[in-house]
Amino acid sequence: MASISVTLPDGSVREIAMGTTALELAGAIGPRLAREALVAEVNGTLTDLTSPLTTDATVTFHTFNSDEGKEVYRHTTAHMLAQAVQRLRPDAKVTIGPAIDEGFYYDFDTEPFVPEDLEAIEAEMRKIAKEDHPTQRSEMSRDEAYALFDGMGETYKREIIDDIPGEETLSVYTQGDFTDLCRGPHAPSTRRIKYLKLTSTGGAYWRGDEANKQLQRIYGTAFEKKGQLDEHLALIEEAERRDHRRLGTQLELYSTHQDLGGGLVLWHPKGALVRHIAEDYWKERHLAGGYDFVCSPHIGRSKLWETSGHLEFFADDMYSPLDIDGQEYYLKPMNCPFHILIYKSRQHSYRELPMRLAELGTVYRYERAGALHGMMRVRGFTQDDAHIFCRPEQMPDEIDRTLGFCLDMLRAFGFTQFELFLSTRPEKAVGDVQQWLDAEDALRAALERTGIPYEVDEGGGAFYGPKIDLNIRDSLNRQWQCSTIQFDFNLPERFDISYIAEDGQQHRPYMVHRALFGSVERFFGVLVEHYAGAFPVWLAPVQAVVLSITDDHREYAEKVRQELADAGIRVEADVRGEKLGYKVREAEMAKTPYMLVVGAREIENEQVAVRTRQGNNLGAMPVAAFIERIQEDIGSKV
RNA sequence: GCUGGCGUAGCUCAGUGGUAGAGCGACUGAUUUGUAAUCAGUUGGUCGGGGGUUCGACUCCUCUCGCCAGCCCCA
């Protein structure tokens with residue numbers, strides 16, 4: 001019998017009989033690998049373990065520990081979901097069911113699912129796992145596939161087949177009583193799926209297009225070990241616990257009201273205080289960073305939005321105009337036209353550039369009702385906007401400096417994990433190609449210099465310029481859209497802005513839009529969830545609370561409060577006739593960083609007994625010592 | 001916007017055609033308390049809003065506003 005040689009990841013080479021399956025090879029390497037392997041990577045292509053090896057090859061095995069392994073594992077689980085649904089609802093039509101980041105989903109054309117359905121489906125899936133169906137791949141011609149799925153009444157599969165390029169091999173996978181069109185690969189048997197959970201349901205349009213029929217989607221996830229599933233479910237629960245909408249009410253940060261209208265938020269004193277502290281820091285850093293502050297109104301004449309092109313390209317996101325003395329005015333969806341008018345208000349010398357105009361500008365955009373979400377997605381929000389005008393030769397440095405500035409600021413707010421994206425020239429674009437290339441080079445160089453890996457979305461830029469998007473990851477490892485640095489080759493033309501260069505001639509400056517927090521509202525919401533409402537001391541609305549034990553200690557408590565307030569600490573005194581435990585509980589729930597207990601002992605020694613919101617008792621210390629400690633916290637932003 | 005679900009006291013929630021309830025909060029009183037809830041009393045609701053069906057509607061129908069999940073989109 002002919003033999004082939006396979007190269008393994010460790011570089012070793014084995015001679016095996018031609019036609020040996022990857023699974024058999026895994027078994028020969030070790031029983032544990034055979035048990036844990038989910039899929040083989042043969043010469044770089046993911047392949048079913050059960051398929052025979054026919055040529056010399058480099059073979060890698062993936063277990064649940066790799067992204068590829070997880071994906072295959074969950075994709076197989078998605079098929080089991082479809083299998084279970086078809087057993088319970090024979091008339092349900094299957095569509096697609098991919099693995100996604102943390103799990104998988106499958107879309108069905110059927111009646112909406114209710115939570116009880118999910119339990120039944122989940123139970124059926126466990127049964128399917130136990131039944132230990134091998135997943136069998138078979139390849140077939142287009143006509144055979146049409147016949148097969150038409151016969152099953154699976155009308156969506158025909159559409160999918162129509163979309164698969166002619167040269168591609170069609171494959172179907174069968175596990176027991178279920179067959180689905182699928183590229184694969186799959187885990188070798190349904191029995192390999194150990195711990196699964198259906199997490200939610202929802203509507204989804206066929207092919208993501210609202211003109212199409214709405215399907216019923218079921219989301220779920222699967223893990224190999226119980227601990228992993230439990231951890232995942234705990235994370236979901238933790239996210240619910242931290243939800244800024246819940247904490248926003250609990251901590252009296254903000255509210256929304258039916259009579260106020262959807263997508264509009266009211267900042268309450270505590271929330272507004274945190275916002276002000278964040279904005280103060282923002283202003284301080286921007287001043288130091290060479291930005292100039294400007295302010296602009298909330299509305300502007302239609303002429304302005306015609307010139308900027310917003311009425312042409314952004315009208316769907318803008319509100320209907322207001323009539324003022326027979327003139328049409330629009331609520332601003334962006335700040336840029338105003339900043340450009342400021343730039344344009346006089347001639348500029350090359351010596352003045354770069355000019356960085358910054359504003360916390362509140363903009364209004366029409367968002368579809370279904371898209372609104374707490375503070376994260378609203379209709380009126382404040383952009384921490386800046387527009388940078390610079391000479392071409394300044395541009396690379398300016399981009400580099402801007403990206404560094406964003407990262408530095410975000411780190412100060414406790415974020416350490418970033419996702420960076422570069423979007424380049426789309427097919428339909430304005431401006432000179434060379435300018436685009438120069439700008440993309442500058443963006444790329446700045447990205448490189450951060451040392452953080454980034455993704456490139458080729459052709460993903462807006463028609464008016466390339467951009468960097470920056471997402472932050474919070475403490476639950478969720479991604480949030482945050483900063484953006486965006487070139488604009490369109491507005492400078494439209495507004496015909498210029499500067500006088502050394503040659504005495506007018507030249508067009510580069511213009512860059514930059515938002516750092518992005519939206520102050522969203523950033524605040526993310527902060528709340530990132531810290532679970534327990535803001536670091538420098539941001540906490542109340543940094544310390546003095547707790548008296550009995551009425552006898554009121555006067556001293558007030559004296560301590562005043563002393564701290566004089567030192568610039570945001571402090572309150574709780575001298576109500578309640579028991580200490582009660583006051584401690586309230587302070588804990590308000591997430592106040594420090595509780596200062598004062599009783600007879602402390603009065604006698606001119607001290608405070610310090611307790612942190614983590615429940616640590618730091619013991620008694622002189623007031624001055626506490627002030628020193630908390631000021632250190634504030635200074636180091638912890 | 002679409003599909004589904006929801007809207008009852010400040011908050012969390014019970015209440016399936018017969019005239020609205022609990023816990024927490026708030027207020028008052030008592031208690032003077034040592035690190036996550038002292039006790040008692042009081043207060044509190046055009047049952048999101050409009051229209052309809054009915055002898056009678058929180059409950060059924062309808063329109064509307066808002067919220068939630070998902071799709072789409074996005075700061």
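We name chains A, B, ... by the order of the sequence lines, and we start the count at 1 in each one. Side chains are part of it too, since the values below use all heavy atoms of this structure and drop only hydrogens, waters and symmetry mates.
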Compare the minimum distances between each of [options] and the side chain of [X], then state the nucleotide with the smallest one.
X: A:Tyr582; options: B:A26, B:U3, B:U32; result: B:A26
X: A:His373; options: B:A69, B:C2, B:G48; result: B:A69
X: A:Ala609; options: B:U32, B:U35, B:A69; result: B:U35
X: A:Thr550; options: B:G34, B:U33, B:G1; result: B:U33
X: A:Arg365; options: B:A75, B:A36, B:A37; result: B:A75
X: A:Ser519; options: B:G34, B:U38, B:A75; result: B:A75
X: A:Ala600; options: B:A75, B:G34, B:U38; result: B:G34
X: A:Tyr205; options: B:C2, B:G70, B:G34; result: B:C2

**OP:** Using distance alone, with no hydrogens and no angle criterion, decide if A:Glu159 and A:Trp206 have a side-chain donor and acceptor under 3.5 Å apart.
**Re:** yes
**OP:** Could you tell me whether the side chains of A:Glu572 and A:Gln543 share a donor-acceptor contact shorter than 3.5 Å?
**Re:** no
Just name whichever nucleotide pairs with [N], Watson-Crick or G-U, keeping both distances under 3.5 Å, else none.
N: B:A37; value: none
N: B:G7; value: B:C65
N: B:C2; value: B:G70
N: B:U12; value: B:A22
N: B:U59; value: none
N: B:G44; value: none

Could one point to a donor on the side chain of [X] or the base of [N] with an acceptor on the other under 3.5 Å away?
X: A:Glu602; N: B:G34; value: yes
X: A:Glu210; N: B:C2; value: no
X: A:Gln486; N: B:A75; value: no
X: A:Gln258; N: B:G7; value: yes
X: A:Arg522; N: B:C74; value: yes

Original post:
Using the C1' atom in both, what is the distance from B:G15 to B:A20, to the nearest Å?
Top reply: 8 Å
**OP:** Test A:Phe413 against every option in A:Tyr531, A:Phe535, A:Phe523 by the ring-ring contact (aromatic ring centres under 6.0 Å, His included) rule and name the one that passes.
**Re:** A:Phe523
With a 4.0 Å cutoff (strictly under), does any side-chain N or O of [X] reach OP1 or OP2 of [N]?
X: A:Arg245; N: B:A69; result: yes
X: A:Gln214; N: B:C71; result: no
X: A:Arg217; N: B:G4; result: no

In whole angstroms, how far is the [atom2] atom of [N] from the [atom1] atom of [X]?
X: A:Gln614; N: B:U35; atom1: CD; atom2: C1'; answer: 14 Å
X: A:Arg377; N: B:C72; atom1: CZ; atom2: P; answer: 12 Å
X: A:Leu580; N: B:U38; atom1: CG; atom2: P; answer: 11 Å
X: A:Asp384; N: B:A75; atom1: CG; atom2: C1'; answer: 9 Å
X: A:Asp209; N: B:C72; atom1: CG; atom2: P; answer: 10 Å
X: A:Asp574; N: B:G34; atom1: CG; atom2: C1'; answer: 14 Å
X: A:Asp259; N: B:U46; atom1: CG; atom2: C1'; answer: 13 Å
X: A:Met376; N: B:C73; atom1: CE; atom2: P; answer: 20 Å

Subject >> Check against side-chain hydrogen bond (donor to acceptor under 3.5 Å, both in side chains), A:Thr362 and A:Lys332 >> reply: CA-CA 8 Å; A:Thr362 303; A:Lys332 66 172 168 182; over 6 Å; no
Original post:
Taking all non-hydrogen atoms of both residues, which atom of A:Asn471 and which atom of A:Gln481 are closest, and how far apart?
Top reply: OD1-CA, 3.4 Å
Original post:
Taking all non-hydrogen atoms of both residues, which atom of A:Lys428 and which atom of A:Phe463 are closest, and how far apart?
Top reply: O-CB, 3.4 Å
Original post:
Is A:Tyr219 stacked on the base of B:G70, meaning ring centres closer than 5.5 Å and planes within 30 degrees of each other?
Top reply: no
Subject >> Verdict with reasoning, A:Asn335 to A:Gln383, per side-chain contact (heavy atoms from CB on, under 4.5 Å) >> reply: CA-CA 8 Å; A:Asn335 302 300; A:Gln383 280 188 315; 3.6 Å; yes
